[in-house]
2 protein chains.
Amino acid sequence: MTETQDIVVGLTAVVLAVTDEVPRVLVVRRLSHPLSTPAQRGSESSQVDSPDTLPFGPFDPTRHRTLELGLRHWVEEQTGLDLRYVEQLYTFGDQYRDLPELQGGPRVVSIAYLALTHESDVAGSGEADWQDWYRFLPWEDCRDGTPKVVEKVIRPALRRWIRQAGDRSQRSQREERVSVCFGLKAPAELDRIRTLERYELLYEVGLVLEAHRDHQQLQLLNGSDDIPPDPELVETARQLSPPLALDNRRILATALSRIRGKLAYRPVVFELLPKDFTLLQLQRVVEALAGVRLHKQNFRRMLFTGELVEPTGRRDASGRGRPAELYRFRREVMRERSAVGVGLPNLRAAE
Amino acid sequence: MTETQDIVVGLTAVVLAVTDEVPRVLVVRRLSHPLSTPAQRGSESSQVDSPDTLPFGPFDPTRHRTLELGLRHWVEEQTGLDLRYVEQLYTFGDQYRDLPELQGGPRVVSIAYLALTHESDVAGSGEADWQDWYRFLPWEDCRDGTPKVVEKVIRPALRRWIRQAGDRSQRSQREERVSVCFGLKAPAELDRIRTLERYELLYEVGLVLEAHRDHQQLQLLNGSDDIPPDPELVETARQLSPPLALDNRRILATALSRIRGKLAYRPVVFELLPKDFTLLQLQRVVEALAGVRLHKQNFRRMLFTGELVEPTGRRDASGRGRPAELYRFRREVMRERSAVGVGLPNLRAAE
DNA sequence: AGTATTTATGCTCATTTCGAGCAATATATA
DNA sequence: TATATATTGCTCGAAATGAGCATAAATACT
């Protein structure tokens, strides 16, 4: 290892929009890593398919007065999008979480941001594209009950993992973690807030592709004799969800965790909706984010007693059934009450 | 401005302990900025008193495998403390938020962490010291009702600030912000969760010393003719709270915001308590953090119905009144329920 | 035109949670 | 022994929550 190592501060964006009940995230298909040198680019041909990447760029203190401005700059450049609501998520800096570093490059400290917008046409230097968020985290969408992949793929693999434990104490530790994240006995709904915890379990178990990729890279670096990954497990991971670059899936999980937590006490949903909306539209967006279905009448009651919305007087023409009244967000609540949000149900059954 | 500018990634720690109902934070009295060169140190003599600083050190990728390990390293070195619970708070990277940068040095991107411990003897390279958290944010402690400084100092200054607004719209904007942060009409309790918002208002108004310091530094840098700060305002700020280095008060406010928010849904309090504790001890720690008094019987009911604690069978000998039973945290709840916390009251009266 | 379907909306009811307070008990200290 | 300080047990009404019934207003189909 060298005496000194450069640091690059990277900025990564999770740009989220919800259209037609589908939460979508903006990804860029890159030809190479944004930080790699031309020399490295050649050697990167070993990577057959270049996986989707979140919009990303290095923070340049000479050009960016603040971190957030830097992020907006890169998203603008790569996707043509001018963001509105932006919030910082988390900063990732673990060793070897980035490819160029594995090739002797700088250590990349990535600051991840979450942006909320409406879906719109994208253009820009990268091939930007909206992708279904739950394609990358399919186990998180419980709107139609516990997803099939959980029953058919994840839980069996987790049971196998528990059986493979070395000793008794490791076994019970594994049992506990699985039980907390996915529920072992009761077919309970997944706990909406433990998104990140679930991702980390799946990574450790090897049910996401990047776990194997990172493992291989590390072995290559250490020059240790390669312990080949369980090919069956890799295949399972491949079927479960498509590959994502770097630690981007972890960042996605962090973002989902954050927005699910925030839904209940901050009026973030409205950033994802047009100025005027029907109550069902609002409910669908909340459901898409929370990953669960809600009771319609109670949801509406909550909105009214909380005075979160006000009628515009107009009605929605499209749609099949009885036309719905159009509402708008009552911004005033934010000064009237402290915690303003759409308060998700407790799902008592899950306890 | 130069073509390229170096980046330094800094790690800053808010180390918190609660003893005798007083939340205390670990500060280091430094002789100079940790990143300044010897040459700069000389020129720094203009700063008469070196204000308290949070434990801080540059992240070194050759020595630190992860950001958190880097933080632990620096805290160990500067205060002799071996931390247990540590969580990342936020990353700050605005231009000119750091002194050396103002003197042509690198841009410092600081990653702030929150650590929870018990108070203990400190040693280390810096002169580490425990300081009452609320000394630096005196307007946040509402345990004995709205603090006097809010009535006597802050609200009058805010009213003056509103009056000084340029036009009608700015005036009403200012009124709204003040109303949200400190309440204008009703002498309502302060909204516990808006700690950061309140700090940012006070910074803008000039009621914290660093606002004037930053302003002066920026003027010096721009070479613009100095608009001298309102000396009365500076004096008010000085009386309100002692100086803190860099943007450390903002970091403290962020930490307080985070822990207040987290109290209700994660069992973080127990990190601040000994293994066995009385229910009153527990309540006092929660109150110290939340900054409000709680209803004793309801607090206990909440603990029992939530099965958060279990009796040890032993009792607390010290204390004046009837000896209290000793309890311990029931770790099992964390797998039984999703959101585990001490659920703060809603203070319905404030609405 | 008439019927089925879809969606919106109004209302009830039992259960749980929450805020606030009364009362009794147990110990230390003056 | 009186008093102050704490712990502990219990009640009661208000509000929030979960689940469901019933009705209204539009479209699609026959």
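Below, read A as the first sequence line, B as the second, and so on, with proteins coming before strands; counting in each chain starts at 1.
- Rounding to whole angstrom units, CD of residue A/E325 and P of D/dA24 are separated by 18 Å.
- Of the residues near DNA chain D, A/P323 and A/H295, the one whose nearest nucleotide (by heavy atom distance) lies more toward the 5' end is A/H295.
- Rounded to an integer number of Å, the gap from B/L280 CG to C/dA26 C1' is 15 Å.
- Nucleotide D/dT8 holds its P atom 10 Å from the CG atom of B/D316, rounded to whole Å.
- Distances shown here put every side-chain N or O of B/K296 at or beyond 4.0 Å from the OP1 or OP2 atom of D/dA6.
- Looking at every heavy atom in both residues, B/A115 comes nearest to B/V86 through CB-CG2, 4.0 Å.
- For B/L282 and D/dT7, the CG to C1' distance is 15 Å, given to the nearest whole Å.
- Contact of the B/E197 side chain with the B/L201 side chain is not registered, since no non-hydrogen atoms from C-beta on lie closer than 4.5 Å.
- In this structure, the CZ atom of B/R314 is 17 Å from the P atom of D/dT7, given to the nearest Å.
- Between B/R315 and C/dT27 there is a side-chain N or O to OP1 or OP2 distance below 4.0 Å.
- Between B/R322 and D/dT8 there is no side-chain N or O to OP1 or OP2 distance below 4.0 Å.
- For B/V309, the side chain to side chain contact (heavy atoms under 4.5 Å, CB included) partners two or more places apart in sequence, or in a different chain, are B/F270, B/F277, B/L279, B/L282, B/L303, B/F304, B/Y327.
- Using a 4.0 Å cut-off between a side-chain N of Lys or Arg and a carboxylate O of Asp or Glu, B/R284 and B/E287 qualify as a salt bridge.
- Atom CZ in B/F299 sits about 13 Å away from atom P in D/dT8, given to the nearest Å.
- Base contact: B/Q297 has a heavy atom under 4.0 Å from a base atom.
- Taking atom CG of B/L303 as the reference point, atom P of D/dG9 lies 13 Å away to the nearest angstrom.
- Summarising the geometry, atom OG belonging to A/S257 is positioned 13.0 Å from atom OH belonging to A/Y199; distances are rounded to the nearest 0.5 Å.
- The phosphate of C/dC18 (OP1 or OP2) has no side-chain N or O of B/R301 nearer than 4.0 angstrom.
- When rounded to the nearest whole Å, the span between CG of A/L326 and C1' of C/dT9 equals 15 Å.
- Comparing C/dT9, C/dA20, D/dA25 against the side chain of B/N298 picks out C/dA20 as the nearest.
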